[in-house]
Trainee: 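A single structure is presented below for examination.
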Amino acid sequence: MKYIEILDCTLRDGEQTSGVSFLPHEKLVIARKLLRDVNVDRIEVASARVSEGERDAVKAICRYARQIGRLDRVEVLGFVDGHRSADWIAACGGRVINLLAKGSLRHCTGQLGKTPEQHIADVSAEIEYACAQGMTVNVYLEDWSNGMVSSPEYVYQLMDSLLRHTSACRDGQRGGRLARFMLPDTLGVMNPLQVVECMRKMKKRYPDCHFDFHAHNDYDLAVSNSLAAVLSGAAGLHVTVNGLGERCGNAPMASVQAILKDQFGATTAIDESQLNDVSRLVEAYSGIAIAPNQPIVGDNVFTQVAGVHADGDNKDKLYQNALMPERFGRKREYALGKTSGKANIAMNLEELGLELTPEQTRRVTQRITELGDRKEQVTRDDLPYIVSDVLKHDAPEHKVKLINYVVSTAYGLKPGANIRVEINGRQYEAGATGDGQYDAFVKALRFIYKKYLGRTFPLLHNYAVTIPPGGRTDALVQTVITWRADDGSLIRTRAVDADQTEAAIKATFKMLNMIET
C-alpha cells in the first residue's frame, strides 16, 4: 500500500478562485483545521510579498504551526526575485519555500525573455541562498505539462542542471535542502494517458527524485489526472478543499482521498471523518457554494430518492457501496418526493419514531407524491405535519410561537428588531440592533433565551437564500438555515416567503420547535 503525501493548496491556489479572498484570521482557522483535524501532510498558505494581509496571515499560521510542532508542514509560494521571497518568508517565520521556476521553454523565453541557461542560473542561485538560510526548497516547474509535450529537452536540461548545480542543497549540506520537484498541469490540458506517459519519463530519468503532481480541472480531469500520476510514480498530490482554484479549480481533496483509498489501495494521513466539516468551513469563508451533487461533500450525495433503492437498503443494503456516509462524518438519508414510494416514507418514519398502519402509510405516500407533482420540496422535518394533516389530527402544537415583531432599517442607523414570543405558555419581549434585520431579530431571541430561560441559543452554522430566476420582485424566497445544537448535532430548517427576512424567521421558529419537542 503506497503512501501518498497530500499538499492542500486551498489558502494559496484556492484563493485564486474568482471572488475569493480570505481574511488573515480566516486563513488561520482553515489552516488549524487542515493541520490539526484533517491531518494533511502539508499546506501551501500564501504567495510571498503579495500584501500586508498575507504577511499577517503567514505569521499567524507559522506561529501556530510552531506551537504544535508542525512548522515544516507550512509552505509558501516564492519567486525568482533576487532572494526577496526567501527573506519575506523567513521574516514571517516560515521554513519552506515553494520556488516557482519555468517548466516550459515557451514560458522561459516568452514571459521572462531569458535563455534557458540564464533562467537556470537564476533558479540555482535562489535555491542555494534559501538552503544557506536553513530553508527547505521545493521547486515548481510551472507549465510542466506543456513543457513535456512541446519542449521535453528543456525540461530535462532544467532538471539536470538544478540537480547538478544544487547537489549540496539536495544532500542537505547547506543547512537547508532541496526536497521536492512539483509538476503542475498549469493550464489543465493533460489527459490521464499523457500524465502516465510524462510522469513515467520523469521517474525513469530521475528515479531518486520526489515528484508532486498539481492538477487543474479545465477539462474536468483533475481527479483522473491526479490518480494517473500516482499510478506512474508521483509521491505527492496537490488538492484544494471543494476543488477551489483558478479558472475551473484544482483536484478536490475529498474525491482524491476517497478514490486513492477505495480504488487504488493507497494510504494517506487524512482523517476522512473531518472532510465534511472542513468543506463546510471553506464554503462559508469563501462564499462559493458546494454543488448538491458534489461527490463526498454535496448535500445529495448520500440521499436516496427512488423508493426501490430504499426498499433494497431496508432488506439487505443492496444500494450501498464503499462510500459509507459515516466515513465522512455524515449519515444516509432517504428523500421524500413523487418517486420516493412507501419504502422511503417508512425509513423516514422509523428514523423519527413514528409508527403508521399500512393504510396510513399509503395515504401519506399519496400526499407526498401530490406535493412532488407541484414541485414542492418535502423534507423529513415536514413529515410529522404531513402525517397530522393526512390523518386529520390537529396540527402539532407549537411550543415556541411568534406573537408579533417589528424590524426596522434606516439610512445611517443600525437595523433594529422588537419581538414578543411565547415559549411553553409564557410570553417574553426583547429588542436588539444588528448588522441586518435578521441579525437584530436573532440577537433579541438570544437575549430572551439567555436572560429569561438561562439557556444557550443554537449557533448559526450556515445560511443560504435561493430566489427563482425571472427577476420578479414578488418572487418567493427560500431560506435554508443550518444550526448547531448544544449537543453538537446539526439542525437544518427551511421556509419560503416573498420576504427574505420573514422566510428566515419562519425557518428559525421551525428549528426552535424541533428543539422544544
Side-chain angles (χ1 to χ4, degrees), residues 19 21 23 25-26 280-281 283-289 376-377 379 381-382 385 395-486 490-517:
S21 180
L23 296 172
H25 80 270
E26 293 174 339
R280 300 299 166 183
L281 177 66
E283 178 186 41
Y285 282 161
S286 68
I288 303 297
E376 293 191 23
Q377 202 165 15
T379 71
D381 299 329
D382 298 320
Y385 299 89
E397 181 182 355
H398 289 171
K399 295 187 176 183
V400 183
K401 302 176 184 178
L402 179 60
I403 306 302
N404 52 51
Y405 75 93
V406 175
V407 293
S408 63
T409 185
Y411 181 74
L413 298 174
K414 297 195 74 171
N418 290 284
I419 67 173
R420 178 185 295 163
V421 299
E422 182 180 302
I423 304 174
N424 293 320
R426 293 191 61 183
Q427 291 193 8
Y428 307 92
E429 291 186 21
T433 60
D435 293 327
Q437 292 179 334
Y438 180 63
D439 183 48
F441 187 93
V442 171
K443 284 182 176 177
L445 270 177
R446 291 185 186 278
F447 178 83
I448 289 173
Y449 270 73
K450 182 177 180 180
K451 180 175 181 179
Y452 298 114
L453 303 179
R455 290 164 54 184
T456 301
F457 196 83
L459 291 174
L460 182 65
H461 184 74
N462 199 15
Y463 182 103
V465 175
T466 55
I467 302 174
R472 287 172 43 206
T473 57
D474 62 344
L476 289 177
V477 176
Q478 176 179 259
T479 302
V480 182
I481 308 180
T482 306
W483 309 85
R484 188 176 294 278
D486 288 344
L490 295 179
I491 302 171
R492 179 173 298 175
T493 54
R494 73 187 71 219
V496 176
D497 196 272
D499 182 87
Q500 178 177 327
T501 301
E502 181 71 17
I505 290 172
K506 287 180 178 178
T508 303
F509 274 79
K510 277 189 178 182
M511 174 272 297
L512 294 174
N513 277 289
M514 290 171 62
I515 291 177
E516 292 297 327
T517 55

Trainee: Using side chain to side chain contact (heavy atoms under 4.5 Å, CB included) as the criterion, list what pairs up with S286, not counting sequence neighbours.
Mentor: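 Counting only residues at least two positions away or on another chain, S286 forms a side chain to side chain contact (heavy atoms under 4.5 Å, CB included) with V20, F22, L244, V282, I288.
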
Trainee: Residues in side chain to side chain contact (heavy atoms under 4.5 Å, CB included) with E422, at least two apart?
Mentor: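 With neighbours one apart ignored, the set is K401, I403, Q427.
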
Trainee: Enumerate the residue pairs fulfilling ring pair (Phe, Tyr, Trp, His ring centres under 6.0 Å) with a member in residues 498-517, sequence neighbours excluded, ordered by first and then second residue.
Mentor: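 Of all non-adjacent pairs touching residues 498-517, none passes ring pair (Phe, Tyr, Trp, His ring centres under 6.0 Å).
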
Trainee: Go through L490 and H461 one step at a time and tell me if the side-chain contact (heavy atoms from CB on, under 4.5 Å) criterion holds.
Mentor: CA-CA 8 Å; L490 295 179; H461 184 74; 4.0 Å; yes

Trainee: Locate the shortest heavy-atom distance separating G434 from A440; write the atom from each residue and the value.
Mentor: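 Closest approach of G434 to A440: N-CB, 3.6 Å.
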
Trainee: Decide yes or no on side-chain contact (heavy atoms from CB on, under 4.5 Å) for L460 and V442, but give the supporting numbers first.
Mentor: CA-CA 10 Å; L460 182 65; V442 171; over 6 Å; no

Trainee: Could you check if a side-chain atom of I423 sits within less than 4.5 angstrom of a side-chain atom of I448, using non-hydrogen atoms only?
Mentor: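 Sidechains of I448 and I423: in contact.
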
Trainee: Partners of T508 by side chain to side chain donor-acceptor pair (under 3.5 Å), sequence neighbours excluded?
Mentor: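 In terms of side chain to side chain donor-acceptor pair (under 3.5 Å), with neighbours along the sequence ignored, T508 is linked to Y438.
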
Trainee: Drop me the distance from K506's NZ to R494's CZ, to the nearest 0.5 angstrom.
Mentor: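 Going from NZ on K506 over to CZ on R494, the span is 15.0 Å.
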
Trainee: Do E516 side-chain atoms and N513 backbone N/O form a donor-acceptor pair below 3.5 Å?
Mentor: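 No: the side chain of E516 does not pair with the backbone of N513.
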
Trainee: Start with the C-alpha distance between W483 and L459, add both sets of side-chain angles, then the distance that settles side-chain contact (heavy atoms from CB on, under 4.5 Å), and finish with yes or no.
Mentor: CA-CA 6 Å; W483 309 85; L459 291 174; over 6 Å; no

Trainee: I'd like to check the side chain to side chain contact (heavy atoms under 4.5 Å, CB included) partners of I515; sequence neighbours left out, ordered by chain and number.
Mentor: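 Testing I515 for side chain to side chain contact (heavy atoms under 4.5 Å, CB included), a comparison that skips the adjacent residues, returns R455, P458, I491, M511.
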
Trainee: Sequence neighbours excluded, which residues qualify as salt bridge (charged side-chain N to carboxylate O under 4.0 Å, His left out) partners of E283?
Mentor: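 With sequence neighbours excluded, E283 shows a salt bridge (charged side-chain N to carboxylate O under 4.0 Å, His left out) to R280, given in chain and number order.
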
Trainee: Flag the pair Q500 / V465 as yes when at least one side-chain heavy-atom distance between them is below 4.5 Å, and no otherwise.
Mentor: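 Yes, their side chains come closer than 4.5 Å.
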
Trainee: Take V480 and T493 through the test side-chain contact (heavy atoms from CB on, under 4.5 Å) and record every step on the way to the result.
Mentor: CA-CA 6 Å; V480 182; T493 54; over 6 Å; no

Trainee: For a quick test of your reading: what N or O donor-acceptor pairs under 3.5 Å do the side chains of residues 404-414 make, sequence neighbours left out?
Mentor:
| from | atom 1 | to | atom 2 | distance (Å) |
| --- | --- | --- | --- | --- |
| Y405 | OH | E502 | OE1 | 2.3 |

Trainee: Check whether any side-chain heavy atom of L445 sits under 4.5 Å from a side-chain heavy atom of F457, and report yes or no.
Mentor: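 Of all side-chain heavy-atom pairs linking F457 with L445, at least one is under 4.5 Å.
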
Trainee: Indicate the atoms forming the closest heavy-atom contact of T479 with A503, along with that distance.
Mentor: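 In terms of heavy atoms, the two residues are closest at OG1-CB, 3.4 Å.
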
Trainee: Can you pull the salt bridge (charged side-chain N to carboxylate O under 4.0 Å, His left out) pairs that have at least one residue in residues 442-453, sequence neighbours excluded?
Mentor: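 The answer is D439-K443.
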
Trainee: What residues, two or more places apart in sequence or in another chain, satisfy side chain to side chain contact (heavy atoms under 4.5 Å, CB included) together with A444?
Mentor: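 Testing A444 for side chain to side chain contact (heavy atoms under 4.5 Å, CB included), a comparison that skips the adjacent residues, returns I419, A430, A432.
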
Trainee: Could you pull out all residues at least two apart from R420 that satisfy salt bridge (charged side-chain N to carboxylate O under 4.0 Å, His left out)?
Mentor: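 Result, salt bridge (charged side-chain N to carboxylate O under 4.0 Å, His left out) vs R420: E429.
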
Trainee: Distance check, rounded to the nearest 0.5 Å: R492 atom CZ versus M514 atom CE?
Mentor: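 It is 11.5 Å, given to the nearest 0.5 Å.
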
Trainee: Tell me which pairs pass ring pair (Phe, Tyr, Trp, His ring centres under 6.0 Å) where either residue lies in residues 415-435, with sequence neighbours left out.
Mentor: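 Found Y428-Y452.
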
